[in-house]
Amino acid sequence: MNPPISRIFPDPAGAATDEQLLQWYAAPNAGGSAPDEPRVSFNFIASLDGAATVDGRSGGLGSPADQRIFKLLRRHADVILLGAATVRAEGYAGELLDGEAQRWRVGHGSAAHPPVAIVSGSLRLDPASDFFTQAPVRPLIFTTATAPARQRKALERVADVISAGTQVLDINAILAELTTRGLNHIHCEGGPHLFGSFQEAGRVDELCLTLSPLLVGGQEPRISATLSGDNPPAAPTGMWLAHVLHSEEMLFLRYLRHPRH
């Protein structure tokens, strides 16, 4: 039996059901903002000393409780957004939501399975991989106009390949395209470079951060990274703490961006 997940803050509650967790992680009231405005959430796990992976993968930090929340968060997504390196490292393929999750989504007015979108400037992806051949919904790939033409043509057979920027990926162009397709709740599962790019663009609305009770050490990456040090650092983004959950020694923090003025 999986360990229970309890809420410490704001209102203590023990042994949460899946429905309670889904309510606690539901999108906050937009407060009058346009219904088609994109909302970007990120989900990460990190060790106590800041490592995002163990031996190159995030799975070494996790637990059954973390996996439970990780899977539940997908139910709220209009689209799941990933960096290409995360797809290669974490083995994404096939249906990412089980039958119960798909029935829940249909019952709440969403498509059974959200599309998965990949961000890749180099298009270093294998069109014959299980990610594409077993995809329940045709994937999206965001790349640049100057990406390798031969690889682009090969990938166009198995995915919608969309240019978002000429030489550098344009985060705002990605969000505009997703919104045009009616995919307004963008749920991102990594990796660090994707998170860093969205931070630089000022387009992170939510961070769900799991703190794993491990000290990893070494040279493992942080949850946020940039491709180069040429650009000035982005201004800090103010976030507020929406809740704190725990299961055994693991903490689950949900931070939301302060409302834009």
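Just so you know, these numbers come straight off a predicted model, no measurement behind them.
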- Message: Is there a path of hydrophobic side-chain contacts, each under 4.5 Å between heavy atoms of I/L/V/M/F/W/Y residues, joining Phe9 to Leu251?
- Response: yes
- Would you indicate whether the side-chain heavy atoms of Leu256 and Pro28 approach each other to under 4.5 Å? yes
- Message: To the closest 0.5 Å, what do you measure between CD1 (Ile5) and OG1 (Thr17)?
- Response: 10.5 Å
- Where do Asp78 and Asn184 come nearest, in terms of heavy atoms and distance? OD2-N, 3.0 Å
- Between Leu211 and Leu241, is there a shared hydrophobic cluster once you connect ILVMFWY residues whose side-chain heavy atoms come closer than 4.5 Å? yes
- Message: Quick check: is Ile118 connected to Ile80 through a chain of hydrophobic side chains (ILVMFWY, heavy atoms under 4.5 Å apart)?
- Response: yes
- Distance in Å, Arg257 CZ paired with Glu206 CD, rounded so as to fall on 0.5 Å steps: 13.0 Å
- Task: With Cys188 as reference, evaluate Asn43, Val40, Val119, Leu207 under the side-chain contact (heavy atoms from CB on, under 4.5 Å) test and give the passing residue.
- Result: Val40
- Trp24 six-ring centre to Arg254 NZ/CZ under 6.0 Å and within 45° of normal: no
- So, Asp49 side chain and Leu215 main chain: donor-acceptor pair closer than 3.5 Å or not? no
- Shortest non-hydrogen contact from Ser163 toward Arg152: OG-NH1, 2.9 Å
- Item | Ring geometry between Trp104 and His76 (parallel below 30°, tilted from 30 to 60°, perpendicular above 60°) | perpendicular
- Side chain to side chain, Ile186 and Asp205, heavy atoms closer than 4.5 Å: no
- Item | Donor-acceptor under 3.5 Å (Glu90 side chain, Ser58 main chain) | yes
- Message: Could you see if Leu97 belongs to whatever hydrophobic cluster contains Phe132? Use Ile, Leu, Val, Met, Phe, Trp, Tyr and a side-chain cutoff under 4.5 Å.
- Response: yes
- Note on the structure: d(Glu177 CD, Ile162 CD1) to nearest 0.5 Å is 4.5 Å
- Query: Using the ring of each side chain (for Trp, its six-membered ring), is Phe195 parallel, tilted or perpendicular to Phe42, with breaks at 30° and 60°?
  - Reply: tilted
- Heavy-atom side-chain proximity of Arg75 to His108 below 4.5 angstrom: no
- Message: Counting C-beta onward and ignoring hydrogens, is there a side-chain heavy-atom pair between Leu183 and Leu140 closer than 4.5 Å?
- Response: yes
- Gap separating the CG atom of Leu123 from the NZ atom of Lys153, nearest 0.5 angstrom: 15.0 Å
- Query: At what distance, to the nearest 0.5 angstrom, does CD of Glu189 lie from CG of Leu194?
  - Reply: 11.0 Å
- Apply side chain to side chain contact (heavy atoms under 4.5 Å, CB included) to Arg7 and Gln20, showing your working. CA-CA 10 Å; Arg7 184 168 66 183; Gln20 283 178 304; over 6 Å; no
- Message: Less than 4.5 Å apart, side chain to side chain, heavy atoms only: is that true for Val116 and Tyr92?
- Response: no
- Heavy atoms of Ala51 and Leu61 approach each other most closely as O-CD1, 3.5 Å
- Heavy-atom donor-acceptor pair, Thr144 side chain to Gly165 backbone, under 3.5 Å: no
- Query: For the rings on Phe252 and His243, is their centre-to-centre separation under 6.0 Å?
  - Reply: no
- Message: Looking at Ala27, is its backbone amide N or carbonyl O close enough to the side chain of Arg39 to form a donor-acceptor pair, meaning the two atoms are under 3.5 Å apart?
- Response: no
- Message: Membership question, hydrophobic clusters at under 4.5 Å side-chain separation (ILVMFWY): are Val137 and Phe131 in the same one?
- Response: no
- Message: Using side chain to side chain contact (heavy atoms under 4.5 Å, CB included), reason through Tyr25 and Leu72 one step at a time and then give a plain yes or no.
- Response: CA-CA 9 Å; Tyr25 280 101; Leu72 286 173; over 6 Å; no
- Task: Answer yes or no: is there a donor N or O on one side and an acceptor on the other, between the side chain of Arg157 and the main chain of Pro127, under 3.5 Å?
- Result: no
- Message: Using side chain to side chain contact (heavy atoms under 4.5 Å, CB included), reason through Cys208 and Leu73 one step at a time and then give a plain yes or no.
- Response: CA-CA 9 Å; Cys208 298; Leu73 289 176; 4.3 Å; yes
- Task: Check the surroundings of atom CD in Glu19: do more than 12 heavy atoms from other residues, nucleotides or ligands lie under 6.0 Å from it?
- Result: yes
- Do the non-hydrogen side-chain atoms of Thr210 and Ile69 ever get within less than 4.5 Å of each other? no
- Message: Any side-chain to backbone donor/acceptor pair from Thr146 onto Thr166? Under 3.5 Å, distance only.
- Response: yes
- Exercise: identify the closest heavy-atom pair between Pro64 and Asn2: CB-OD1, 3.6 Å
- Main-chain N/O of Val106 paired with Ser110 side-chain donor or acceptor, under 3.5 Å: no
- Within a strict 4.5 Å, meaning less than it, do heavy atoms of the Val204 and Tyr255 side chains meet? no
- Is there a donor in the side chain of Glu220 and an acceptor in the side chain of Thr53, or the other way round, less than 3.5 Å apart? yes
- Here the pair of heavy atoms bringing Ala77 nearest to Pro114 is O-CB, 3.7 Å
- Message: Nearest 0.5 Å, please: how far is CD1 in Ile174 from OG1 in Thr143?
- Response: 9.5 Å
- Task: Report yes if the side chains of Arg138 and Pro115 come closer than 4.5 Å at any heavy-atom pair, otherwise no.
- Result: no
- Message: If you compare all heavy atoms of Gly121 against all heavy atoms of Ala147, which two are closest, and at what distance to 0.1 Å?
- Response: O-CB, 3.7 Å
- Query: Side chains of Ser224 and Gln199: do they bring a donor and an acceptor to under 3.5 Å?
  - Reply: yes
- Task: Might you work through the salt bridge (charged side-chain N to carboxylate O under 4.0 Å, His left out) test for Asp18 and Arg68, ending with a clear yes or no?
- Result: CA-CA 9 Å; Asp18 283 355; Arg68 181 183 172 193; 2.9 Å; yes
